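Note that the structure is a prediction, hence the values are computed from the model and not measured. One-based numbering, in listed order, for ligands and for the atoms of each. These values consider heavy atoms only, across backbone and side chains, with no hydrogens, waters or symmetry-generated copies.
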Amino acid sequence: MRVRKRITWLFPRTAPLSRRQPVRGLFYGVQTLRQLLPPAVFSAAPVDGQKWTVPAVSIEDAPRFAWRGMMLDPCRHFIPKEFIKKFIDTIAVQKMNHLHLHLTDDQGWRIEIKKYPKLTEVGAWRAETVVGHAGKPNAKYDGIRHGGFYTQDDLRELVAYAADRHVTVIPEIEMPGHAQAAIAAYPELGNVKEPLPVFTTFGVNKNIFNVEESTILFLQDVLGEVVEIFPSTYIHIGGDEAVKDQWKESEAVQKRMKELGIADEAKMQSYFIARMNDFLKGKGRKLIGWDEILEGGLGKDATVMAWRSVDKGIEAAELGNDVVMAPTAFTYLDYYQGKPKDEPLGIGGNLPLSKVYGFDPLPKKLDPEALSHIMGTQGQLWSEYIPGPDHLEYMAFPRACALAEVAWTPQAQRDFKDFSERLKTHVERLDKMGVKYRPLEK
Ligand code: ACM
């Protein structure tokens, strides 16, 4: 460990990527070496009586994909900073290298923005939360105020902690949909006259940002503070599930569209995203968003996170956009991993470990040019039905271990039976790290 620290000092975090490469390789080599040692090496406490032996092997290794990510959602249920550090430790052991933080949504705004304090004074707190599944009729509410936010210093601390483990933190600021917490704080950002509360239930709703120039400038101000906190090349602007009913009904939005010569609401969203893309480019960054940003047209320099299907990723790659494959069918780790009757309440779906492992992010039907746009893959942990850290680890692991191997190992070398055997030892390592993973099926 002392060696790594000394070399990190020689190649500081601010060094150009090409100069950091050897340090990163060394870091991953150390992760492999730790896995060759007995699992007790993952224990934080001193270990007595252990013989520390390593098999004599020679290993040549390199990652298959550059983007090996996981996404956390602290909006639906707030996630303490210290737990995020533990999560970074756990994914870094698996050689994952991106942590996407979904920082704003209808149910809570989680990032301090100095210019707009009400985003967290008001937007970080909801009065109560729906009990049980939000899709059920006659919803009941718990009457308990829920919330929290990260200060800019908290986030800088997380960025540095992650960087020391070769994990890049990607912030997401959602727009134009999933905006109700921001509109609750600053009603002038919305489309309706009545004041809105921070949303207390789950599911897609109609409250989206309006398209006034002042709203675009507000969001650019927010992104201006975001880029000062997060040094990542990519900044995520959301873009998913922006229901356009309010834009269709609003005289102000229709008037603005006419002024801009914009024919329909999909093209309006495209304009909105293009303004953010221009802003981020001006800051030397790249825009990434969920696959709906393709609708209405998208610049080639934007990156698409394909969530609705692999086909959305194919569509984007064929258009020449870079893609992160994050499809629900293979990477939504908030889905059930066994029979719902045997599992804690979940959002729905069915995604067993074997299916995650079986994912190949490179679709067979793509030509080499389009394939070169697939940057990798990422697992999603939406937290509507993940109320706390233990539950989060139960949903994440070992499925994230399978996804880590999808992202790292050449397809021809992957084999679920072999993985399942190796996983038996790997969960011993997770035990030593205090990770509350879902026990393996017998
Ligand atoms: C998403 O799951 N709405 C990106």
Side-chain angles (χ1 to χ4, degrees), residues 67 69-77 79 98-110 130 133-135 170-182 199 201-209 234-245 266 269-270 272-273 276 287-296 298 302-316 321-337 346-351 355-356 359 361 375-386 392 395-396 399-400 403:
W67 192 295
M70 287 297 294
M71 189 214 76
L72 291 180
D73 166 18
C75 296
R76 276 55 179 262
H77 285 99
I79 305 174
H98 285 78
L99 176 68
H100 167 175
L101 288 182
H102 178 79
L103 289 168
T104 72
D105 214 304
D106 300 311
Q107 296 83 1
W109 182 283
R110 304 285 177 234
V130 68
H133 202 289
I170 308 291
E172 178 183 350
I173 306 296
E174 264 273 19
M175 64 189 81
H178 289 282
Q180 190 167 322
F199 202 36
T201 185
F202 304 122
V204 177
N205 78 50
K206 291 190 198 171
N207 295 307
I208 74 173
F209 287 121
Y234 293 91
I235 304 290
H236 204 300
I237 54 76
D240 60 313
E241 299 177 323
V243 182
K244 307 295 189 306
D245 296 12
Q269 170 159 314
S270 170
F272 200 108
I273 301 300
M276 299 305 147
L287 178 145
I288 183 167
W290 301 109
D291 57 59
E292 288 95 326
I293 64 173
L294 287 164
E295 292 164 9
L298 178 68
T303 299
V304 172
M305 196 165 260
W307 74 277
R308 287 179 294 177
S309 62
V310 169
D311 280 348
K312 289 290 166 195
I314 291 176
E315 183 186 330
N321 291 90
D322 285 343
V323 174
V324 175
M325 285 289 193
T328 53
F330 297 99
T331 69
Y332 268 42
L333 306 188
D334 56 333
Y335 281 16
Y336 283 108
Q337 46 195 326
I347 196 162
N350 173 36
L351 182 50
K355 188 168 178 190
V356 177
F359 181 44
M375 293 165 48
T377 187
Q378 177 176 287
Q380 280 50 246
L381 285 159
W382 298 107
S383 72
E384 287 93 332
Y385 303 98
I386 303 183
L392 199 154
M395 299 305 280
R399 289 184 295 183
L403 195 67

Is there a donor-acceptor pair closer than 3.5 Å between any side-chain N or O of [X] and the backbone N or O of [Y]?
X: Gln107; Y: Thr201; value: yes
X: Thr331; Y: Ala326; value: yes
X: Gln380; Y: Gln378; value: yes
X: His77; Y: Ser383; value: yes

Can you tell me which residues line ligand 1 if we count any heavy atom under 4.0 angstrom from one of its atoms, in chain and number order?
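Within 4.0 Å of ligand 1, the protein residues are Asp240, Glu241, Trp290, Trp307, Tyr332, Trp382.
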
Could you check whether atom NZ of Lys206 has more than 12 heavy atoms from other residues, nucleotides or ligands sitting under 6.0 Å from it?
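No, NZ of Lys206 has 12 or fewer neighbouring heavy atoms, counting only those of other groups under 6.0 Å.
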
Of the non-hydrogen atoms in Gly239 and Glu292, which two are nearest, and what is the gap between them?
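It is O-CB, 3.4 Å.
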
